[in-house]
There are 2 protein chains.
Amino acid sequence: MTTIPTPTTTPQAGGRTAAPTRREQILREAARLFAERGFHGVGVDEIGAAVGISGPGLYRHFPGKDAMLAELLVGISERLLTGGRIRVGETAGDPEAVLASLVDGHIDFALDDRPLITLHDRELDRLKDEDRKRVRQLQRQYVELWVAVVRELYPDSSESEARTAVHAVFGLLNSTPHLAALGRQSMEELLRRLAHGAFGALARA
Amino acid sequence: MTTIPTPTTTPQAGGRTAAPTRREQILREAARLFAERGFHGVGVDEIGAAVGISGPGLYRHFPGKDAMLAELLVGISERLLTGGRIRVGETAGDPEAVLASLVDGHIDFALDDRPLITLHDRELDRLKDEDRKRVRQLQRQYVELWVAVVRELYPDSSESEARTAVHAVFGLLNSTPHLAALGRQSMEELLRRLAHGAFGALARA
DNA sequence: TTGCTCGGTTAATGAGCGTTAACGTATGGC
DNA sequence: GCCATACGTTAACGCTCATTAACCGAGCAA
């Protein structure tokens with residue numbers, strides 16, 4: 001494991017939208033392949049081939065295969081959380097609007113980044129202890145965002161009831177990767193209705 | 001791959017509930033381990049150790065590691081389908097009752113056999129083409145069972161809408177493996193309400 | 001007893017794969 | 001012009017791991 005100029009955070013600090021750097025290409029393809037065949041099911045040679053370089057060439061960009069997975073999982077967790085926080089901030093005060101915004105955000109995410117969503121709950125255990133702890137912490141905070149607003153909206157439900165419901169709705173929304181039919185628009189619409197329908201059941205106790 | 005007296009179906013043809021045969025022990029432990037760490041993440045030595053024998057001893061009971069996974073996935077798919085068919089038969093004529101029964105059955109299954117439910121949609125791709133086709137066919141038939149009754153109950157929804165909703169509710173119910181709190185009874189009750197809430201959203205179009 | 005089958009054991013084999021070594025080549029600042 | 005750096009390449013190396021070989025004791029039927 002030779003040391004690399006590894007930019008622990010995302011590259012190009014400015015936030016510009018330039019041509020995708022090689023690093024980003026690799027991450028995207030690795031995500032796709034990991035999601036398709038599992039972390040252990042994909043070889044470094046395959047990942048390399050997917051971006052037009054061969055096997056060990058990857059080690060110019062990442063210290064190892066593990067590091068790719070770690071960056072993917074930490075990255076997705078961070079994006080989910082900060083996205084969620086922004087949405088909560090935007091609509092603060094109106095719990096119904098907050099929940100709607102969280103649902104919409106999560107749907108966008110599930111539809112745009114299927115492979116990452118898949119990885120998110122499939123391959124967490126392959127991480128080094130440190131990374132896994134970080135990811136779990138981020139996940140927990142994201143869930144708490146939802147739980148808080150759900151309890152505000154349905155005060156009769158208990159803490160663990162709300163938390164379970166949130167996890168269940170995540171399961172519902174993340175079921176997306178398995179399907180393709182139905183087109184983006186109607187998919188969005190349908191998932192939204194199903195999610196709100198599920199949450200609504202918390203009221204009719 | 002030496003040939004084995006491999007009983008393609010389940011052992012002890014009588015249907016008695018005897019002490020679990022060695023074969024069954026192995027399958028149960030393999031399911032647990034595969035669910036925890038993924039098919040590639042578990043070694044045969046580990047599976048052997050889990051039942052008190054060592055690595056290659058498994059080959060007295062299965063022709064290979066793949067065969068264990070195949071039997072698990074085919075088995076669960078068959079049980080889901082036949083269970084579903086029985087429930088549909090029992091309550092035929094009353095779509096609402098049929099759907100309720102399917103939901104209850106699936107919940108029981110998800111709560112009783114978490115590891116298998118996890119495997120079911122995580123490791124399908126590790127199967128030989130033949131087995132994978134068989135599993136997918138069984139899954140499809142099971143889904144069709146649901147789709148038929150959902151469309152009967154909500155005639156306004158299109159075929160693909162109904163199918164997507166069914167998959168989504170599966171995702172909701174199968175989210176179970178991730179949690180532990182809340183006790184069996186209330187978990188059942190909550191999942192039931194969430195699932196019906198989601199389906200109900202198909203009406204309010 | 002004999003000898004077959006059942007269910008184990010440990011040691012060897014051989015492939016796959018992550019990682020490292022050693023080596024090239026363009027490019028861009030000095 | 002020079003040389004360091006970035007980015008690749010191919011060829012080992014070494015480990016893990018599924019599978020096979022070779023061997024063994026306990027029942028148990030004839």
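Chain naming here is simple, since letters A, B, ... match the order of the sequence lines and numbering starts at 1 in each.
Of the possible donor and acceptor atoms, none in the side chain of A:K128 sits under 3.5 Å from a partner among the backbone N and O of A:A70.
Across all strands shown, B:V42 has heavy atoms under 4.0 Å from sugar-phosphate atoms exclusively, and none from any base. If you check every strand for non-hydrogen atoms under 4.0 Å, A:G57 touches a base.
Here the P atom of nucleotide C:dG24 and the CD1 atom of A:I53 are 20 Å apart, to the nearest Å. Rounded to whole Å, atom P of D:dA18 lies 10 Å from atom NE2 of B:H40. The distance from atom NZ of B:K65 to atom C1' of C:dA15 is 14 Å, rounded to the nearest whole Å. Atom CZ in A:F62 sits roughly 12 Å away from atom P in D:dC7 (whole-Å rounding). Across the protein-nucleic acid pair, A:Y59 atom OH and C:dA21 atom P stand 12 Å apart, rounded to whole Å. Atom CG in A:L33 sits roughly 12 Å away from atom P in C:dG18 (whole-Å rounding). Straight-line distance from the CG atom of A:D45 to the P atom of D:dT9: 11 Å, rounded to whole Å. Between A:F39 atom CZ and D:dT16 atom C1' there is a gap of 14 Å when expressed in whole angstrom units.
By the ring-ring contact (aromatic ring centres under 6.0 Å, His included) test, B:F109 pairs with no residue at all, sequence neighbours left out.
A salt bridge does not link B:R126 with B:D66: every distance from a Lys NZ or Arg NE/NH1/NH2 to an Asp or Glu carboxylate oxygen is 4.0 Å or more.
Between A:H61 and the phosphate of D:dG8, there is a side-chain N or O to OP1/OP2 separation shorter than 4.0 Å.
The nucleotide whose nearest atom lies closest to any side-chain atom of A:P56 is, among D:dA11, C:dG18, D:dG8, D:dA11. You'll find that the side chain of B:R60 is closest to C:dG7, out of C:dG18, D:dA18, C:dG7.
In the displayed structure, A:E130 atom CD is contacted under 6.0 Å by at most 12 heavy atoms of other residues, nucleotides or ligands.
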